[in-house]
Amino acid sequence: MEIDAANGKLGVMLVGLGAVATTFIAGVENVRRGRALPIGSLSQMATIRLGKRTEKRMPKIKEFVPLADLNDLVFVAWDPIPDDAYTAAVKAGVLDQHEHLEPIKPFLQSIKPMPAVFDQYYVKRLQGTNVKRGKNKRELAEQLREDMRNFKQSAKLDRLVVVWCASTEVFLTPGPAHQSLAAFETAMEQNDQSIAPSMIYAYAALMENIPFANGAPNLTVDLPVMERLAEERHVPIGGKDFKTGQTMMKSVLAPAFKARMLGLSGWYSTNILGNRDGEVLDDPESFKTKEESKLGLLEHILQPELYPELYGKVYHKVRINYYPPRGDNKEGWDNIDIFGWLGYPMQIKVDFLCRDSILAAPIVLDLALFFDLAARAGLSGIQEWLSFYFKSPQFAQGLYAEHDLFIQQTKLKNTLRWMMGEEQITHLGIEYYEYAEK
Ligand SMILES: NC(=O)c1ccc[n+]([C@@H]2O[C@H](COP(=O)([O-])OP(=O)(O)OC[C@H]3O[C@@H](n4cnc5c(N)ncnc54)[C@H](O)[C@@H]3O)[C@@H](O)[C@H]2O)c1
């Protein structure tokens with residue numbers, strides 16, 4: 001496979017300049033200055049095994065595939081709240097101001113959000129003043145396209161990538177406006193309510209041939225019109241919803257139960273968090289979007305249709321409660337009721353005192369770099385190999401999502417091997433033993 005070299009600069013356009021986006025930007029800048037390590041990022045920290053175990057070839061992923069260098073990343077964002085990245089990061093309260101924000105203050109202050117395409121109908125708990133005006137949604141999309149072109153030109157960039165790090169929008173289902181480009185464009189002109197702001201960004205990016213990754217559970221690029229547009233324009237897309245704390249743990253634990261054929265009768269997950277994301281999710285309509293995204297995976301992993309005795313009657317509940325004192329330091333608490341041999345019940349309790357944006361920031365970095373890689377490798381449409389990073393990974397029609405974190409990781413690494421013309425690793429390993437010769 002021919003992969004264009006990562007020459008020149010990569011513009012990372014972030015929709016939303018809140019907790020996740022500022023933690024990501026400030027993090028990359030601290031890493032670039034040698035002040036911290038990019039912990040949690042596969043693209044920066046992980047190695048990849050090549051060939052047989054006896055060959056001992058284990059390069060770092062970033063040395064194996066041609067990824068953009070961190071020094072070549074240039075950031076920009078849109079947000080309806082006009083705070084620059086420094087002010088937004090201080091307000092988000094994720095990173096230590098003295099340790100990680102003050103030393104890079106002028107850099108962060110130089111990142112001022114462009115006016116957003118924003119409508120409070122889709123995010124009830126937010127009010128913004130830094131908002132684009134236009135006679136209809138199509139005109140707003142044109143303004144976004146202009147922002148993209150201007151950024152590329154003024155910052156002398158080689159390539160662009162867009163990552164949605166903005167608030168979770170209200171729950172929507174795909175409708176007639178999302179089935180074809182003509183219907184979508186007409187709906188934009190008519191200011192149809194089924195066209196959410198996130199879809200306008202996605203449309204603008206695809207029309208500019210820019211890869212788009214969606215970190216929230218909104219539909220955004222998970223629509224027939226976007227999938228087709230991405231294929232037609234040869235642009236990679238992916239989503240939805242960064243897989244960070246509680247869901248990441250679920251996608252590790254549930255496969256373990258299934259691997260050992262242990263039954264599951266119930267899984268109760270609750271979260272308390274006090275950041276702006278928590279406030280937005282306190283609105284039932286935004287929560288519904290998140291809930292759908294968090295609920296789907298157990299059923300896919302456990303396959304109750306194949307194992308009705310083990311997983312036919314799982315009671316799965318997810319709650320998110322806004323609790324301001326906690327800020328970004330969420331507590332995700334899981335009570336898991338499992339059963340074993342002869343049906344005897346057991347319980348597991350997981351109390352994950354995590355930091356939401358600390359877990360999400362390296363995912364933003366990896367997605368930006370891998371989507372840019374995908375584009376340079378000529379891959380288009382849904383990038384299922386990046387399911388590793390998403391709570392509700394997008395998949396092609398006729399398939400189902402792969403949620404198991406370790407299958408996702410194998411898929412990701414095998415895709416990198418495939419891109420670089422290396423052998424796939426099947427873990428068969430029979431060739432190491434004598435009887436394989438006979
Ligand atoms: N942190 C995590 O672990 C995690 C995991 C999965 C998904 N997410 C999702 O990532 C998103 C960002 O999370 P966060 O903690 O940074 O939230 P945040 O509230 O701190 O930041 C979101 C920002 O998006 C802005 N925004 C809202 N609508 C916009 C629009 N139409 N255009 C541009 N900007 C807009 C808001 O003004 C805000 O500044 C949320 O949707 C969240 O659900 C986060």
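Counting starts at 1 for both ligands and their atoms, following the listed order.
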Ion pair check, Asp334 and Lys349, cut-off under 4.0 Å: no
Residue pairs passing the side-chain hydrogen bond (donor to acceptor under 3.5 Å, both in side chains) test where at least one lies in residues 81-90, sequence neighbours excluded: Asp83-Lys91, Asp84-Thr87, Tyr86-Gln97, Tyr86-Glu102
Near-ring test Phe352/Trp333, centroid separation under 6.0 angstrom: no
Lys NZ or Arg CZ of Lys313 over Tyr311 ring: under 6.0 Å, within 45°: no
Criterion ring-ring contact (aromatic ring centres under 6.0 Å, His included) against Trp164, the qualifying member of Tyr201, Phe390, Phe242: Tyr201
Side-chain ion pair, Lys411 and Glu402, N-O less than 4.0 Å: no
For ligand 1, what N or O to protein N or O distances fall under 3.5 Å?
{"unit_1": "ligand 1", "atom_1": "1 (N)", "unit_2": "Asp356", "atom_2": "O", "d": "3.3"}
{"unit_1": "ligand 1", "atom_1": "3 (O)", "unit_2": "Thr244", "atom_2": "OG1", "d": "2.8"}
{"unit_1": "ligand 1", "atom_1": "3 (O)", "unit_2": "Asp356", "atom_2": "O", "d": "3.2"}
{"unit_1": "ligand 1", "atom_1": "3 (O)", "unit_2": "Asp356", "atom_2": "OD1", "d": "3.4"}
{"unit_1": "ligand 1", "atom_1": "16 (O)", "unit_2": "Ala19", "atom_2": "N", "d": "3.1"}
{"unit_1": "ligand 1", "atom_1": "16 (O)", "unit_2": "Val20", "atom_2": "N", "d": "2.8"}
{"unit_1": "ligand 1", "atom_1": "20 (O)", "unit_2": "Ala19", "atom_2": "N", "d": "2.8"}
{"unit_1": "ligand 1", "atom_1": "24 (O)", "unit_2": "Ser167", "atom_2": "N", "d": "3.4"}
{"unit_1": "ligand 1", "atom_1": "31 (N)", "unit_2": "Val117", "atom_2": "O", "d": "2.8"}
{"unit_1": "ligand 1", "atom_1": "32 (N)", "unit_2": "Tyr201", "atom_2": "OH", "d": "2.9"}
{"unit_1": "ligand 1", "atom_1": "37 (O)", "unit_2": "Asp79", "atom_2": "OD1", "d": "2.7"}
{"unit_1": "ligand 1", "atom_1": "39 (O)", "unit_2": "Asp79", "atom_2": "OD1", "d": "3.3"}
{"unit_1": "ligand 1", "atom_1": "39 (O)", "unit_2": "Asp79", "atom_2": "OD2", "d": "2.6"}
{"unit_1": "ligand 1", "atom_1": "39 (O)", "unit_2": "Arg276", "atom_2": "NH1", "d": "2.7"}
{"unit_1": "ligand 1", "atom_1": "41 (O)", "unit_2": "Ala166", "atom_2": "O", "d": "2.7"}
{"unit_1": "ligand 1", "atom_1": "41 (O)", "unit_2": "Thr168", "atom_2": "N", "d": "3.1"}
{"unit_1": "ligand 1", "atom_1": "41 (O)", "unit_2": "Thr168", "atom_2": "OG1", "d": "3.0"}
{"unit_1": "ligand 1", "atom_1": "43 (O)", "unit_2": "Thr168", "atom_2": "OG1", "d": "3.0"}
{"unit_1": "ligand 1", "atom_1": "43 (O)", "unit_2": "Asp277", "atom_2": "OD1", "d": "3.0"}
{"unit_1": "ligand 1", "atom_1": "43 (O)", "unit_2": "Asp277", "atom_2": "OD2", "d": "3.4"}
{"unit_1": "ligand 1", "atom_1": "43 (O)", "unit_2": "Lys290", "atom_2": "NZ", "d": "2.9"}

